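Before any comments, here is the structure.
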Amino acid sequence: MRGDTNVNQVKRLRIPVVLLLLVMASSSLTYAADFDTTNYRKTMIQLLAATFDVARGRQSDLEIYDAIAESGDTLYVAPLIDIAYFARNATLNRSVINALNTLTGEDMDWRGYFEWAGRNDIALPPAYEEFKGQVLAAFVDAEFMRFFAPGVLDTARINLVEPVWGGVTVDGIPSLVNARQISPEDAATEGHEFEDFCRDFDCSYPAADELVFGVSLDGDSRAYPLRLLNWHEMFNDVIGHAPMYDAPDGEQVCSFRAPATFVARGRANNDWILVQGQSAACPRDGWLQIEDIEWEGDDAEWENLPDLGAGAEATDDGPAGRVRGRPVMLAYCTLCGAGVLYDVQIADLTYTDLDGEIVKLGDTVLEFGSSGLLMRSNKLMYDRNTDTVWNAITGTPAFGPLASSDIVLDLLPVVVVDWASWLEKHPDTSVLSLDTGFLRNYTNGAAYSDYFNSTELMFPSWQQDTALVENKDMVFALRLQGEAKAYPLETIIPERVINDRVGATNLVIVADASPERDFFEPGGAAVRAYESDGRHFSAGADKSTLISEDGRDWQIAEDALIAANGERLERIGGHLAFWFGWFGFYPDTLLYGAD
């Protein structure tokens, strides 16, 4: 069952708007009249109101900054850092930095203070979450208030000084939700239909050497080109397919993919449903087995369909449905080079909300969007079911209603691979359509090219270590049984087959270099990890096989290593990342090749 109810749609109304109204009508305030810095809420209102007036070019008394500095109360450091981010006016910036200098004994600019605050895990004043939401609402987008309701501070798993505005509004980078998938043949045609996206007169879609996120689950293979995901940074999808037949117990004509919907037109023997719909490489009517179907409405509604086996005529307005599949979400942090695939099904979702009330959503599929916030240059996403903000690279709630739960999203396997190699191994794959419903420049290399091809970071990330690996070097990242390990691509590509152990798991990693191009995107090699069960593997006669120490050949498949006798060694979920993006949240990570 899909848990679509957003329990915060009503609860958002309880977020105090007094502060924002005071800010917007700040001419009614006398800033220097009454400074009681022991009253944090009131003082932060005065601070934001004065700052907003100056930032908008209106006259304002900035004595509030002197009062805060004279108080010596370091709980005001975090609010001042938040204000400093938006203090573009020279007079205002000087007032903010002078107050910070006085309170901390340091002498830095905003970036320096921001990194210092994260590194020192500074204390926060009461009602800080409300203040932070109001700062973002006043200067950027009122939708940010959704994430900073009263009580968020009490259960937050992170220090709330660290989330920083990433330069866009809430969902300003729009996630893809059940975006259209097409066949490789249709994609080749589509590339020439969207001529604006040709690169150097090459209209191939996908181009042979371009990188895609390759996903293959339950026998369904799909490709998501990075040139599209660079603009959306996230997809919510349902992976799964079912055979479609030309007649009950007839010949299979194609595979109908989730989450494409269809209309049921009739039934036969209560086992088969005639449907009309279109999915990748399956644009026709056909028959599906009822056990493969998930209905959009009443599960019993299909029983009212005409029985075509008994001679009835098909209808055109039957119930809608889709084939069963696995809901997934790929969180792609472009700034930290990490595309992480998660299972987003939560069984019997129950949690305690910010008011202390028990909320029961039942079996729920979480749908994710972009919060517009970053933490250590890592994407912070949010689920649209509860407005909880999540860490994209760890799959854990950072703050909000679910932060007090023990939920951790399950990691699924994904590979970054060139299109030609993916298509060769998966000729039945589908691929994300260029027609996403959004107006973006989907030309190869159009988004983030300067950033990807630079050594510089765009936003602060205080937790770094470049002693052995440079910030933007690519690593393959694993976390198993509480242990994290990173494998630099420049180390494992020459080795290709790596036998190792992470946590309690013996594993083998296979790394195949991607073709070089004239620009870089987060990739460099198709890397897959598998359980090894203590076996030692070496390269086989071709790139599709490995050899175990007993001389047996094992086929390299997306879901497992498979021996001739059917024995399987399962794939392990891992992903690529820039080194700094991984280290920022796993500073205790092991590093392959470092010892």
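Side chains are part of it too, since the values below use all heavy atoms of this structure and drop only hydrogens, waters and symmetry mates. Just so you know, these numbers come straight off a predicted model, no measurement behind them.
Proximity of Tyr40 to Tyr76: side-chain heavy atoms (C-beta onward) are separated by under 4.5 Å at one or more points. The shortest distance between side-chain heavy atoms of Met329 and Leu366 does not fall below 4.5 Å. Phe256 places none of its side-chain heavy atoms less than 4.5 Å from the side chain of His241. Taking the side chain as every heavy atom from C-beta outward, Phe578 and Leu335 never approach each other to under 4.5 Å. Counting heavy atoms from C-beta on, the side chains of Asn385 and Thr364 come closer than 4.5 Å. Looking at heavy atoms from C-beta onward, Leu305 lies in side-chain contact with Pro319 at the 4.5 angstrom threshold. Contact annotation: the side chain of Asp73 never approaches that of Thr37 to less than 4.5 Å [non-hydrogen atoms, C-beta and beyond]. Counting heavy atoms from C-beta on, the side chains of Leu80 and Ile97 never come closer than 4.5 Å.
Residues in residues 320-366 take part in these disulfide bond (SG atoms under 2.5 Å apart) pairs, two or more places apart or across chains: Cys333-Cys336. Sorted by first and then second residue, the ring-ring contact (aromatic ring centres under 6.0 Å, His included) pairs involving residues 354-376 (not counting sequence neighbours) are Phe368-Trp390.
Between Gly166 and Leu374 the shortest heavy-atom distance is CA-CD1, 3.8 Å. Phe213 and Gly339 get closest at one heavy-atom pair: CE2-CA, 3.9 Å. Val77 approaches Ile122 most closely through the heavy-atom pair CG1-CD1, 3.9 Å. Across all their heavy atoms, Leu136 and Trp165 have their closest contact at CD2-CB, 3.9 Å. Scanning all heavy atoms of the two residues, the minimum distance from Ile158 to Pro163 falls at CD1-CG, 3.7 Å. Of all heavy-atom pairs spanning Ile393 and Ala338, the tightest one is CD1-CB, 4.1 Å.
Using a 4.0 Å cut-off between charged nitrogen and carboxylate oxygen, Arg111 and Glu115 count as a salt-bridge pair. Checked for salt-bridge contact, Lys132 and Asp82 meet the test: a charged N lies under 4.0 Å from a carboxylate O. With respect to Arg322 and Glu296, no salt bridge is recorded, no charged nitrogen being found less than 4.0 Å from a carboxylate O. The existence of a salt bridge linking Arg326 and Asp220 is excluded, since no basic side-chain nitrogen approaches an acidic carboxylate oxygen closer than 4.0 Å.
The salt bridge (Lys or Arg N to Asp or Glu O under 4.0 Å) check on Glu129 picks up nothing, with sequence neighbours excluded. Legend: residues meeting ring-ring contact (aromatic ring centres under 6.0 Å, His included) with Tyr85, ordered by chain and number and at least two apart, are Trp110. For Phe476, there are no ring-ring contact (aromatic ring centres under 6.0 Å, His included) partners, not counting sequence neighbours. Scanning for ring-ring contact (aromatic ring centres under 6.0 Å, His included) contacts around Tyr448 gives Phe452, with sequence neighbours left out.
At distances below 3.5 Å, at least one donor-acceptor pair connects side-chain atoms of Ser405 with backbone N or O atoms of Leu402.
At most 12 non-hydrogen atoms from other residues, nucleotides or ligands lie less than 6.0 angstrom from CG of Leu439.
Between Ser175 and Arg384, the side chains place a donor N or O and an acceptor N or O closer than 3.5 Å (distance only, hydrogens not considered). In summary, the side chains of Asn378 and Asn391 do present a donor paired with an acceptor at a separation below 3.5 Å, with no hydrogens or angles considered. At a cut-off of 3.5 Å, with distance as the only test, a side-chain donor of Thr505 or Gln481 sits close to an acceptor on the other residue. For the residue pair Lys379/Ser370, the side-chain donor-acceptor check at 3.5 Å is satisfied. In this structure, a donor-acceptor pair under 3.5 Å is absent between the side chains of Gln464 and Trp579. Ser221 and Ser216 form a side-chain donor-acceptor contact under 3.5 Å, judged by distance and modelled atom types alone. With hydrogens and angles left out, the side-chain atoms of Asp406 and Tyr351 include no donor and acceptor closer than 3.5 Å.
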Subject >> CA sep, side-chain torsions, deciding dist, call: Thr38, Asp36, side-chain hydrogen bond (donor to acceptor under 3.5 Å, both in side chains) >> reply: CA-CA 5 Å; Thr38 64; Asp36 177 9; 2.5 Å; yes

Subject >> From CA spacing to verdict: ring pair (Phe, Tyr, Trp, His ring centres under 6.0 Å), Tyr224, Tyr332 >> reply: CA-CA 11 Å; Tyr224 302 82; Tyr332 178 31; over 10 Å; no

Subject >> CA sep, side-chain torsions, deciding dist, call: Leu480, Ile572, side chain to side chain contact (heavy atoms under 4.5 Å, CB included) >> reply: CA-CA 9 Å; Leu480 296 167; Ile572 298 170; 3.9 Å; yes

**OP:** Could you please spell out the steps behind the ring pair (Phe, Tyr, Trp, His ring centres under 6.0 Å) verdict for Phe399 and Phe147?
**Re:** CA-CA 8 Å; Phe399 58 92; Phe147 309 133; 7.3 Å; no

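Note that CZ of Arg157 and OG1 of Thr394 are 8.5 Å apart. Values are rounded to the nearest 0.5 Å. To the nearest 0.5 Å, atoms CZ (Arg479) and CG (Leu590) are separated by 14.5 Å. Distance check, rounded to the nearest 0.5 Å: CG of Leu124 to CG of Asn159 gives 4.5 Å. Once rounded to the nearest 0.5 Å, the distance linking CG of Leu160 with CZ of Phe148 reads 6.5 Å.
A cation-pi contact links Arg56 to Phe52, judged by a cut-off of 6.0 Å to the six-membered ring centre and 45° from its axis.
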